[in-house]
Amino acid sequence: MDVREEFKKITQIPEFESQVEDKALLETDKMSVLQINVGRLCNLACKHCHVEAGPNRTEVMEKDVLEACLKVYTEWGFDTIDITGGAPEMNPNFRWFVKEAVKVCKNVMVRSNLTIMLEDGYEDLPEFYAENKVAVICSLPHYRAKNSNKQRGEGTFEKSIEVLKKLNELGYGKDPELVLNLVFNPGGAFFPPEQSAMEKEYKEHLGSEYGIVFNNLFTITNNPIGRFGAFLMRSGNMEGYLTKLYGAFNPGALPGMMCRSQLSVGWDGKLYDCDFNQAVDMPVITGENIKDLPGKPYKKRKICFDKHCYACTAGQGSSCGGSTA
Ligand code: SF4
Ligand code: SF4
């Protein structure tokens, strides 16, 4: 099932670009974040996963692509390297890459599912992260075990708590140099609650029940693509969900769309405006690979949009860094 073909059929929802009055917002501004998806391999297979990662995926970024990422990061003046996956830790060159990245970048962050840090061969990752002062951004769909396990699989919440405790023991969430952020996403076709209120709830529950502390909570709206998009299509809910997103369109969220300040790299080096466009195979308009870029100057580019973009501009706005409006 091709989600973009499905979008075409939903004709009562206008094209995203037509809703943007200030056309300058349809271009990249100053790119600050290089987001690198180092592969689709993951130890989990979550229901909401927009990149459809899992244990049987074989796409993994090779070392020459990682080297090109480091070159382009330095040449183009980004300020953040955001490493994602799959479970990025499962890329065989992951530790080498992190060590090289922290030499050139003060803001290196890794998006981790936490449970990977209990698997054989990965148990020393918390210490590795702390030594390299890498910010850890962890998906924890809910502070209640039942809700979280429903999305990510039985037992994943308990494992996540165990790892969060270990990260706290090493200073994560306490030492200003060891940032620990959590990510909430809804368990279905509804919007996340207001971010600061949800952060307060998470802090109260995780603190009183498990003694866990963390810095910030990011709330993310489920994007109607990948595994979640397939579920919406199967259950006949795609049109209803898109209508909800469109109905909540907030022009105030447009300036903060992450595609305006980000370049996203796929496992094979292909470039995208964001990780969501990567998931729907909608590359940058110039069609380049990161390996083409070293030695070339940064240029503004027009961003590619489709109807899934309404997920980034509904209500309080949504991005990999949480709400944007
Ligand atoms: S959501 Fe994250 S942890 Fe879950 S399958 Fe996708 S990449 Fe893996
Ligand atoms: S899905 Fe990507 S391209 Fe579309 S608005 Fe969101 S960040 Fe921008």
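Quick caveat, the model's predicted, so the values are computed rather than measured. Atoms within each ligand, like the ligands themselves, are counted from 1 in listed order.
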As an exercise, identify every atom of ligand 2 less than 4.0 angstrom from a heavy atom of [X].
X	result
Cys309	1 (S), 3 (S), 4 (Fe), 5 (S)
Cys259	3 (S), 7 (S), 8 (Fe)
Phe276	1 (S)
Met258	7 (S)
Met257	5 (S)
Asn277	2 (Fe), 3 (S)
Cys304	3 (S)
His308	1 (S)

- Task: Would you kindly check if the NZ (Lys) or CZ (Arg) of Arg152 is within the cone defined by 45 degrees around the ring axis of Phe157 and under 6.0 Å from the six-membered ring centre?
- Result: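 No, Arg152 does not lie over the aromatic ring of Phe157.
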- Query: Is NZ or CZ of Lys203 both nearer than 6.0 Å to the six-membered ring centre of Phe214 and within 45° of the ring axis?
  - Reply: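 Checked: cation-pi criterion met.
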For [atom], what's the nearest protein heavy-atom neighbour? Residue, atom name and distance, please.
atom	value
atom 6 (Fe) of ligand 1	Cys49 SG, 2.3 Å
atom 3 (S) of ligand 1	Asn113 CB, 3.4 Å
atom 2 (Fe) of ligand 2	Cys274 SG, 2.3 Å
atom 5 (S) of ligand 1	Cys46 N, 3.3 Å

- Report the part of Ala87 in contact with ligand 1, treating N, CA, C, O as backbone and CB onward as side chain, heavy atoms under 4.0 Å; options are side chain, backbone, both, neither.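 None of Ala87 does.
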- Task: Select one of side chain, backbone, both or neither to describe which atoms of Cys42 lie under 4.0 Å from any atom of ligand 1, heavy atoms only.
- Result: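 Just the side chain.
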- Please check if the distance between the ring centroids of Phe16 and Tyr310 is under 6.0 Å.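 That pair passes the under 6.0 Å test.
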- Find all atoms of ligand 1 within a distance of less than 4.0 Å from any non-hydrogen atom belonging to Ala53, and give their numbers and elements.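 The atoms of ligand 1 under 4.0 Å from a heavy atom of Ala53 are 5 (S), 6 (Fe), 7 (S).
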- Query: Hey, is atom 6 (Fe) of ligand 2 within less than 2.8 Å of some N/O/S atom on Cys312?
  - Reply: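 Yes - counting backbone and side chain alike, Cys312 has an N, O or S atom under 2.8 Å.
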- With Glu17, the salt bridge (Lys or Arg N to Asp or Glu O under 4.0 Å) member among Lys302, Lys23, Lys307: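 That would be Lys302; it is the only one of Lys302, Lys23, Lys307 passing the salt bridge (Lys or Arg N to Asp or Glu O under 4.0 Å) with Glu17.
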- Message: In terms of relative ring orientation, are Tyr143 and His205 parallel, tilted or perpendicular, with 30° and 60° separating the classes?
- Response: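 Ring orientation of Tyr143 relative to His205: parallel.
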- Query: Under 4.0 angstrom from ligand 1, any heavy atom of Val51?
  - Reply: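 Judged by the 4.0 Å heavy-atom criterion, Val51 does not count as contacting ligand 1.
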- Task: Could you tell me if any non-hydrogen atom of Gly86 lies under 4.0 Å from any atom of ligand 1?
- Result: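 Checking ligand 1 against Gly86, which is what was asked, there is a heavy-atom contact under 4.0 Å.
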- Looking at Asn113, Asn43, Asn149, which one forms a side-chain hydrogen bond (donor to acceptor under 3.5 Å, both in side chains) with Thr156?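 Looking at Asn113, Asn43, Asn149, the match for Thr156 under the side-chain hydrogen bond (donor to acceptor under 3.5 Å, both in side chains) is Asn149.
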- Among Asp82, Asn181, Thr84, find the one that has a side-chain hydrogen bond (donor to acceptor under 3.5 Å, both in side chains) with Arg111.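 Option passing the side-chain hydrogen bond (donor to acceptor under 3.5 Å, both in side chains) with Arg111: Asp82.
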- Item | 4.0 Å heavy-atom contact, Ser319 with ligand 2 |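 Per 4.0 Å heavy-atom rule, Ser319 does not contact ligand 2.
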- Are Trp96 and Val108 joined in one hydrophobic group, where the rule is that I, L, V, M, F, W and Y side chains link up if heavy atoms are under 4.5 Å apart?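 In one cluster: yes.
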- Message: Count I, L, V, M, F, W, Y as connected when their side-chain heavy atoms are under 4.5 Å apart, and connections chain through other members. Are Tyr122 and Val98 then in the same cluster?
- Response: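 Yes; tracing contacts between hydrophobic side chains, which count when under 4.5 Å, links both residues.
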- Let me see the working for Tyr241 and Phe228 under ring-ring contact (aromatic ring centres under 6.0 Å, His included), right down to the final yes or no. CA-CA 11 Å; Tyr241 188 61; Phe228 182 60; 5.4 Å; yes
- Under 3.5 Å: donor-acceptor pair, side chain of Ser18, backbone of Glu15: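 Such a contact is found between Ser18 side chain and Glu15 backbone.
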- Message: Is any side-chain heavy atom of Trp76 closer than 4.5 Å to one of Leu34?
- Response: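 They are not in contact (no side-chain heavy atoms under 4.5 Å apart), so the answer is no.
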